[in-house]
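Step one of this worksheet: look at the structure below.
All figures in this text were calculated on a predicted structure; none of them were measured in a lab. Just follow the structure's listing: the first ligand is 1, and inside any ligand the first atom is 1.
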Amino acid sequence: MPLETPRRIVTELASRGYNAEREAVTLLAGAPDSQRALEAALDSVPDDALKLSAAHVRATLDTRAPASDPAEAATGTTDPPVSTGNGTAAPSNGAGGAPVETRDGRTPQDPPPAVIAGDITGASTGTGEYDDFVRVFRDRYERLSKLLRGRVNHRPTTAVSAMPGGEDAAVIGMVSDVRSTASGHWLVELEDTNGVFPCLVMKDKPIADLVGELLLDEVVAVEGALSGDGNILFVDSLYFPDVPRTHRPNTADRHVQAALISDVHVGSQEFMGEAWSRFADWLHTAEADPVEYLLIAGDMVEGVGVYPNQDEELDVVDIYEQYERFSEYLKEVPGDMEIVMIPGNHDAVRLAEPQPGFDEELRSIMSAHDARITGNPSTVTIEGVSVLMYHGVSLDEVIAELPEEKASYDEPHLAMYQLLKKRHVAPQYGGHTRLAPEEKDYLVIDDVPDIFHTGHVHKLGYGKYHNVLAINSGCWQSQTDFQKSVNINPDCAYAPIVDLDTLNLTIRDFNSSF
Ligand code: D5M
Ligand code: FE
Ligand code: ZN
């Protein structure tokens, strides 16, 4: 019966509070009496251990007894067993005994740790005062204008105001207003650190189409000619900070994969526990052997009081219990995978962005898997590939503000392209997206990532923008009453799997049994 033994082992270990390495499960599944082997292994684990390692199992298994065929038992397939390092190779690898542990407790098979940048956790200094907002917007302007300076020969708005009419001029500014004039042209006000300058985009120019992409507070550059009186700039060209078309993404130098998911929503009545377990079971199979990383882009739990009347659809009403439950589901995931998690708007951290990672109390609840917990957004580098992880609340805004063909719930990756183009994960301040003013603007995309990973809108969408792989990862929560009322059809129980060596993507569907 496919997967039954490993699945039972994983479930049993999880119910007893243990998370297990894939290889440990494979070894147990291959033992002549799996149940006895499991008991023996657990007896041998130190009291404070949370993870059952292959070394623990091997130490208690009588490896001289002929095991049936661990690879087959583990995968449930009849394919010829491939020596993947988690199956037949392990008990007979000749090296013998437990793998050597390095000083930090990692074994040689463990994936190298992820490197994290741009994490606000523990670095928050903002007090929410007016001055803090001035500072963060100034920082945004400084950093984004730097990206535009090579493209236009701009001057400060005060200098442009002093120029005689009719001359060519360029301005780099934050969009402070966009409105249409009586004759259907567009008046765009750009603000820099000196002042504001009005720019007119004529409706019959090809660039008029770009005005539809503008969001308030984003930074752009314009070029054109001043009016006769010098009071307005007639725009000929409009530039976004953007990702260079020549961008060449980094790739891993070995075959290794990452699963990119989000929006688990444990604690909601609509959380799809069975689909989750199918996903976790699959991760224990030989086919998933290269999947060494699991990235979760926010909304681990359903939370409480996030939306009006949300309590009517809660399965678990206590927020800590929701995290306990989430932690149990996380234990089903192979213990030797490296997990990186950022919070979302349903999680128990401050709502304003940048959001810090989970606090100590929540970390201790989710400690079993030793996941890397970081802020929203964060850039995580795994195997040399940088992944910008952002939950995605601003996507609602981008989709609401932009024309359907430029961003929609059916094509959420197009909205992600807009964020890359604006080089900011949440350009518009004051709508859905709340901003916590910090020392600097953590939401600026300084370095172009190789992969951009978001969630939040519960729709699967992916594509490449100037060679950056953008993935919006869907969810593990079936349609809620609210979503039904507004006609949102979520994409549930899909796991996008990225080859880090090629950046190719495979979508795995866990909606039904194998
Ligand atoms: O949000 C999932 C998606 O559904 C996201 O696009 C927002 C939208 N959503 C869900 N519930 C509501 C309510 N009550 N009001 C407005 N928008 C909503 P998530 O935050 O991940 O549940
Ligand atoms: Fe969500
Ligand atoms: Zn969300």
Side-chain angles (χ1 to χ4, degrees), residues 260-273 275-276 295-316 319 322-323 325-326 329 341-358 375-378 389-402 404 407-416 418-419 425-426 428 430-435 443 452-461 470-496:
L260 273 53
I261 63 164
S262 66
D263 299 275
V264 190
H265 289 265
V266 171
S268 156
Q269 285 168 12
E270 285 82 20
F271 166 61
M272 300 166 74
W276 175 271
L295 308 188
I296 315 179
D299 286 358
M300 312 298 143
V301 300
E302 174 64 8
V304 290
V306 181
Y307 291 124
N309 303 323
Q310 184 203 19
D311 47 336
E312 289 164 18
E313 289 188 67
L314 285 183
D315 183 25
V316 181
I319 184 78
Q322 292 183 1
Y323 282 100
R325 189 83 71 98
F326 170 71
Y329 281 103
M341 310 195 274
I342 63 166
N345 59 313
H346 283 251
D347 286 297
V349 304
R350 78 167 182 211
L351 201 52
E353 297 173 9
Q355 294 180 286
F358 302 114
N376 170 40
S378 282
M389 296 177 71
Y390 169 63
H391 177 60
V393 168
S394 69
L395 296 173
D396 281 331
E397 208 119 47
V398 175
I399 291 168
E401 299 283 328
L402 266 49
E404 172 89 21
S408 67
Y409 284 107
D410 285 332
E411 293 184 292
H413 51 289
L414 299 185
M416 299 175 75
Q418 289 290 331
L419 300 180
V425 296
Q428 184 163 313
H432 294 275
T433 327
R434 303 197 198 172
L435 176 73
L443 309 177
F452 184 25
H453 175 204
T454 60
H456 181 64
V457 295
H458 294 205
K459 297 293 278 185
L460 182 67
I471 304 173
N472 193 284
S473 49
C475 63
W476 299 83
Q477 179 188 39
S478 56
Q479 194 183 43
T480 63
D481 283 349
F482 167 82
Q483 289 166 343
K484 197 177 271 174
S485 74
V486 295
N487 233 343
I488 297 178
N489 272 308
D491 292 321
C492 311
Y494 292 100

Go through the structure and list residues passing side-chain contact (heavy atoms from CB on, under 4.5 Å) with Asp491, not counting sequence neighbours. Lys459, Leu460, Tyr494

Using a plain distance cutoff, I'd like to know if His391 has any nitrogen or oxygen under 3.5 Å from a nitrogen or oxygen of ligand 1. no

Measure from the Zn ion (ligand 3) to each N, O or S atom of Ser262 and report whether any distance is below 2.8 Å. no

Any N, O or S atom of His346 closer than 2.8 Å to the Fe ion (ligand 2): no

The atom of His391 among N, O or S that is nearest the Zn ion (ligand 3) is NE2

Just to confirm my output: which protein heavy-atom neighbour is closest to atom 9 (N) of ligand 1, and how far is it? Phe482 CE2, 3.2 Å

Which part of Val486 is near ligand 1, with near meaning a heavy atom under 4.0 Å away: side chain, backbone, both or neither? neither

Among the N/O/S atoms of Asp299, select the one at the shortest distance from the Fe ion (ligand 2) and name it. OD2

So, is His456 placed with an N/O/S atom under 2.8 Å from the Zn ion (ligand 3), counting both backbone and side chain? yes

N/O/S from Asp263 sitting under 2.8 Å away from the Zn ion (ligand 3): no

How does Asn345 reach ligand 1, if at all, at less than 4.0 Å between non-hydrogen atoms: by side chain, backbone, both, or neither? side chain

For the Zn ion (ligand 3), find the closest N/O/S atom belonging to Asp299 and write down its atom name. OD2

What's the atom name of the N, O or S in Asp263 nearest to the Fe ion (ligand 2)? OD1

Counting backbone and side-chain atoms alike, is an N, O or S atom of His265 positioned under 2.8 Å from the Fe ion (ligand 2)? yes

Within reach of ligand 1, part of His456 (heavy-atom separation under 4.0 Å): both

Identify the closest protein heavy atom to atom 19 (P) of ligand 1: which residue and atom is it, and at what distance? His346 NE2, 3.2 Å

Using non-hydrogen atoms of the residue, decide whether His265 is closer than 4.0 angstrom to ligand 1. yes

For Gln477, is at least one N or O under 3.5 Å away from an N or O on ligand 1? no

